[in-house]
Amino acid sequence: MPITEIPKVYDPKSVESYWADYWIKERIFQPQLNQKIPFVIVIPPPNVTGSLHMGHALNNTLQDLLIRWKKMNQFECLWVPGTDHGGIATQNVVEKMLKAEKKSRYDLGREKFLAKMWEWRKESGDTILMQLRKLGCGLDWTRTRFTMDETCSKSVLFAFNEFFKKGWIYRGKRMVNWCVRCQTALSDIEVEYEERKDKLYYIRYPILSGKKEGWQGVPLVVATTRPETMLGDTAVAVHPDDPRYEKIHGWWIQLPLVEKEIPLITDQAIDPKFGTGVVKVTPAHDPIDFEIGERHHLTQEVVIGFDGKMKESTGKYATLSREECRKEVVKELEAQSLIEKIEDYRHSVGVCYRCGVIVEPLISDQWFLKVDKLAEQTLKASKEEKIKIFPETWNKPYVSWLENLKDWCISRQIWWGHRIPVWYCNKCDESHLLINTTSDGVKNILTDNIAGRTIGEGASPLINETNPEKPPSHCPKCNGASFTQETDVLDTWFSSALWPISVLGWPEESPDLERFYPTSVLVTGHEILYLWVARMAMMGLYFKKEVPFSHVFIHGIVRDKQGKKMSKSLGNVIDPLTIMQKYGTDALRFVLCLNSVPGRDMQLSEDSFIAARNFCNKIWNVSRFVLMNIETTNFKFNEAELPLLELDLASQWILSRFQKTVLAVEKSLLSYDLAQTSRILYQFIWSEFCDWYVELSKLILLDPTKNKETTLKILLVLIKGIVKLLHPMMPFITEEIWKKLGEMNLILKDETKSVVFSLYPKANIQLENDLAETNMDFLMSAITKIRTIRAEMNVPPATKIEILINGPDSDEKKLLEKHSLYIQHLCKVEKILIGNKLEKPQKSAILVFSGLEIFLPLEGLIDFSKEKQRLLKEFNLLQKEIEHLDARLSQPDFKTHAPEEEIVRTLERKKETDQKLIKLKEHLELIQ
RNA sequence: GGGCGAUUAGCUCAGCGGAAGAGCACUGCCCUUACAAGGCAGGGGUCGCAGGUUCGAGCCCUGCAUCGCCCACCA
């Protein structure tokens, strides 16, 4: 296509799919295992549920940016794609589908249900990966992993066995967070807390023993938010030092509604300041009460079942839900006048992070991973800065989370996931746990070395080390050979924790593991810093003796215009695919980068994309401009000769500005401040290159008498530089422009394949030129001022005028004379007179600028009363500034304390402003 | 209860010790041969409040207020 036929408007749709396919087809993002330094990222694997949302778009844009940037810096880049099976979340999706058919997973049975799960994952599990291709992500698709594929599953089972042998995995009856909807245990971090409006019930518990002194007939009052659990109370507790209740320690209390006597015990955990200072103790249904119960050997009276309904033992309350039971209990208590009062109360309630239903603390048999040693070495790595978090503010919470870590509940009672490789002997004892750990397939492990517990009754857990997914060959106790596998599966985050090593092939000693571990940087949002990042650090350090990544780049969460998290239920989502369709993928990517301010969440609204789309168009058109002008020429150009060219001021200036831009871009990228990077690029390209340099270049390009070669070379250098700088952020449009440059033989052969094979720009100090920048600044402000007058006085651009510049010093005079064309061209001025004793023509507008005066004879063109107003306004501004400067200079301490250069600067400013004011005053007086 | 962050132009946000900035929105002029998704120019801010440090404070310190997030055994 001839360059002149390049469309005037950049059309993303017509180029994006071509490039997305091209990068894959040409294997551009597959590493070659050569001598270069590796740069590796493993993707935070999206769950196989649903499709790409803005959070994914942000996360992956940032990773892609880093990969492309590093690739252009000659690193051997690898970005590993993959998906997560997503445990509960994914199972919920399929269960919902079943529910539509009025079926539950139990109707299907485990096997059939899992078949359905796999079917679903096959059908829609890769949706997001396909969408990431559209986003332009330079992932190596030949290495795509899934947390439940063969490689990753092997890692999971192997890791489980290793921990088991070490004695760090144990099973025990504990109080865990139970989701009554998902029918599974949750780890502590999978519980989210929501502030809820609730009631605090003050309930009277009659005292049975020792009716004397002040307690005669006065019942104890306990405050609780969960009256229904009183059916399972086995004590009442106060703080041992609370003077109000000192006399009655050990007395017996009548538990209302239940024909039962319970003791009044004392425990440090009670806060005397809360409520009445008296607490009902329900060891089976509250974590603190559970602990109190342990300390005081209280019985655990289970009154709520795993389904969230009241147990048989509760008599008339049986089968009621927790909520219904609460109402009933309160009604009953009220009837018996046992409610002292009910207060409104705000407190946070734990809910399931997957379904939002209130979590029930319940006692059940669960598997745990002991984490103290793991946390310890991870903390050490942090202290030694082996893992650095960007921005640093996240380091503190990360460290304190590790410091306060409790054992990790790794078992889930769902079906979708890695089934725990532990076996029960069918012959000798049903509660007999077997885990196969040795080559002969059998190893006895009688450990539950945590808190002196044992696993089941005389249990001998066995695992199969060589084939963990298979049962042991025989039972060492009874020699039986028939086993049943544990039905629990592992927490989905267990496999996620192994992700950086499992995707590279661990526990095999694969070439990839050897070459690409540890990875370079992990890019993620802060919501999974603990859930995921900390655990990967633990696993990587333990199994590979090295941190899995040296940098953690934490980006913000995408929110809507009101600052709310985007969610389908709120209906405030901005769909990245729609945005890509409407504004182009590069525009989407640019906005995400532009808003990626370190340490801050970003608020997006749809109009932010318009500016980015316009920016794309600007880039497109300025490239078009350069190409159109080069098209007719035929020159060969080696960038090395750049410093040898004889350059005009504008060219010296833009090259100097470009070097500084390159430096600033590099600095911002190194600190993961991509908002900064975006701003720098936007500013340079639009406000400096396009607005000034390109406009000035027309002086030469549009003048048939001028030699255009040097200017075209500079334009070309800049366009190439800009395309390269932008590429990591905006890969599509830059590739397209690059291709056109290639078609005109304007780039080196080995760079033609893709922009990523060119070198990322490096600053060339030789080309920095502060003098040129100062001179251009001078000319640019003169030009702007002249344009301002024209605009304010409504002199149309078509009206050519002349100007007089009076009073420049000799340097300024030379500069102005040499570049009078700049002014003429950009201010639409026909003629410029420069001199030291020029008279102001009658009926002139005037501006006083940097020690000189500029006259614009505008007789007949403007209304001079307007000019007077304009001057008056200017005059007032100057007066204000002088007041300000005087105030500063008259501060006696200013001259003694401020640094010399600051004093000089202030004095100069004062002098200049004074001069301006005097001249302005003169002219003001002359206007009738 | 503890920690973190925010509070700057109508909106979204930069700036973090020496003359208040950008984009969007708004106003005026311009279809100037890269771009009207554009150009040129303009209006609009006692930089949350109160103290303090400093010659000098959106910027540093201390309180306070409001909003948001994270953590915690808030019965």
Side-chain angles (χ1 to χ4, degrees), chain A residues 6 8-10 189 193 200 222-226 229 237 269-271 274-282 286-292 345-348 361 393-394 396-397 400-401 404 526-527 529-530 557 559 561 563-565 583 587 594-595 597 599-605 607-608 610-629 675-676 679 682-683 686-687 690-691 694-695 698 701-702 784 787-792 794-798 826-828 881 884-885 887-889 891-899 901-903 905-906 909 913:
Chain A
I6 297 174
K8 274 184 164 186
V9 173
Y10 171 59
I189 29 176
Y193 290 89
L200 187 61
V222 302
T224 181
T225 53
R226 299 202 60 192
T229 62
I270 311 303
D271 175 7
F274 186 93
T276 54
V278 188
V279 175
K280 58 191 264 325
V281 183
T282 321
D286 182 278
I288 310 160
D289 294 4
F290 178 81
E291 282 171 24
I292 295 174
Y345 186 57
R346 288 191 73 87
H347 66 148
S348 63
T393 41
W394 284 106
K396 213 166 122 182
S400 69
W401 187 77
N404 298 301
H526 51 74
E527 75 273 23
L529 184 59
Y530 315 127
I557 310 252
R559 297 173 187 282
K561 221 174 168 177
K564 294 209 180 73
K565 210 167 164 173
Y583 304 101
L594 185 64
N595 288 286
V597 179
R600 282 190 71 157
D601 290 347
M602 66 176 72
Q603 287 174 232
L604 290 182
S605 67
D607 28 291
S608 35
I610 295 171
R613 180 257 264 145
N614 294 353
F615 183 44
C616 290
N617 202 232
K618 192 76 182 176
I619 296 160
W620 182 253
N621 273 291
V622 76
S623 308
R624 190 166 147 256
F625 171 80
V626 174
L627 289 168
M628 278 167 62
N629 279 287
Q676 181 79 343
R679 259 180 272 118
Y682 186 96
Q683 154 75 21
W686 201 314
S687 310
C690 292
D691 287 353
V694 169
E695 287 311 317
K698 289 176 185 171
L701 300 180
L702 297 180
T784 302
R787 292 203 288 216
T788 304
I789 292 185
R790 286 193 69 130
E792 287 192 347
N794 284 327
V795 182
L826 294 179
C827 301
K828 311 284 180 209
E881 194 177 344
H884 174 80
L885 290 170
R888 189 197 288 199
L889 287 164
Q891 272 287 336
D893 289 339
F894 178 66
K895 284 186 180 151
T896 52
H897 291 262
E901 51 174 38
E902 186 54 34
I903 298 168
R905 198 156 38 185
T906 309
R909 232 172 85 200
T913 317

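Order of the sequence lines fixes the chain letters, A, B, ..., with proteins taken first and strands second; residue numbering starts at 1 for each chain. The structure presented is a predicted model; accordingly, all values stated were derived computationally and were not measured.
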Look at the side chain of [X] and the backbone N and O of [Y], then say whether any donor-acceptor pair between them is shorter than 3.5 Å.
X	Y	result
A:Arg888	A:Phe894	no
A:Ser608	A:Leu604	no
A:Asn595	A:Gln603	no
A:Arg790	A:Lys828	yes
A:Asn404	A:Ser400	yes

How about A:Lys280 and A:Thr229: do any of their side-chain heavy atoms sit closer than 4.5 Å?
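Yes. Closest side-chain heavy atoms under 4.5 Å.
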From the list A:Ile292, A:Val278, A:Val281, side chain to side chain contact (heavy atoms under 4.5 Å, CB included) with A:Ile270 holds only for A:Ile292
Answer yes or no for A:Lys698 and A:Phe625: cation-pi contact, defined as NZ/CZ to six-membered ring centre under 6.0 Å and angle to ring axis within 45°.
yes
Find the partner of [N]: check Watson-Crick (N1-N3 plus N6-O4 or O6-N4) and G-U wobble (N1-O2, O6-N3) distances, both under 3.5 Å, and reply none if neither fits.
N	answer
B:rU54	none
B:rU7	B:rA65
B:rC16	none
B:rC26	B:rG42

Please classify the nucleic acid contact of [X] as base, sugar-phosphate, or nothing, using heavy-atom distances under 4.0 Å.
X	value
A:Glu291	nothing
A:Asp289	nothing
A:Val281	nothing
A:Gln683	nothing
A:Gln891	sugar-phosphate
A:Cys690	base
A:Pro892	nothing
A:Tyr530	sugar-phosphate
A:Ser623	nothing
A:Ile270	base
A:Ala898	base

Report yes if at least one side-chain N or O of [X] is closer than 4.0 Å to OP1 or OP2 of [N]; otherwise report no.
X	N	value
A:His897	B:rC55	yes
A:Asn629	B:rA34	no
A:Arg679	B:rA14	no
A:Lys396	B:rC4	yes
A:Trp686	B:rG39	yes
A:Lys698	B:rU32	no

Take atom [atom1] of [X] and atom [atom2] of [N], then tell me their distance rounded to the nearest Å.
X	N	atom1	atom2	answer
A:Gln603	B:rC67	CD	C1'	11 Å
A:Asn614	B:rG23	CG	P	12 Å
A:Gln676	B:rA14	CD	P	11 Å
A:Asp601	B:rG5	CG	P	13 Å
A:Arg787	B:rC40	CZ	P	6 Å
A:Asp271	B:rG2	CG	P	14 Å
A:Met602	B:rA14	CE	P	10 Å

Hey, does the side-chain of A:Lys8 have a donor or acceptor N/O within less than 3.5 Å of a partner on the base of B:rC35?
no
Could you check whether the side chain of A:Arg909 and the base of B:rA19 have a donor-acceptor pair of N or O atoms closer than 3.5 Å, going by distance alone?
yes
[atom1] atoms of [N] and [M], separation to the nearest Å:
N	M	atom1	value
B:rC16	B:rC60	C1'	9 Å
B:rG15	B:rG45	C1'	14 Å
B:rA6	B:rC13	C1'	12 Å
B:rU12	B:rC74	C1'	36 Å
B:rG48	B:rG39	P	32 Å
B:rC49	B:rG38	C1'	44 Å
B:rG63	B:rG1	P	16 Å
B:rG68	B:rC61	P	25 Å

By nearest atom, which of the nucleotides B:rC29, B:rC40, B:rA75 is closest to the A:Thr225 side chain?
B:rA75
By the rule that syn is within 90° of 0, classify the base conformation of B:rG42 as syn or anti.
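You should classify B:rG42 as anti.
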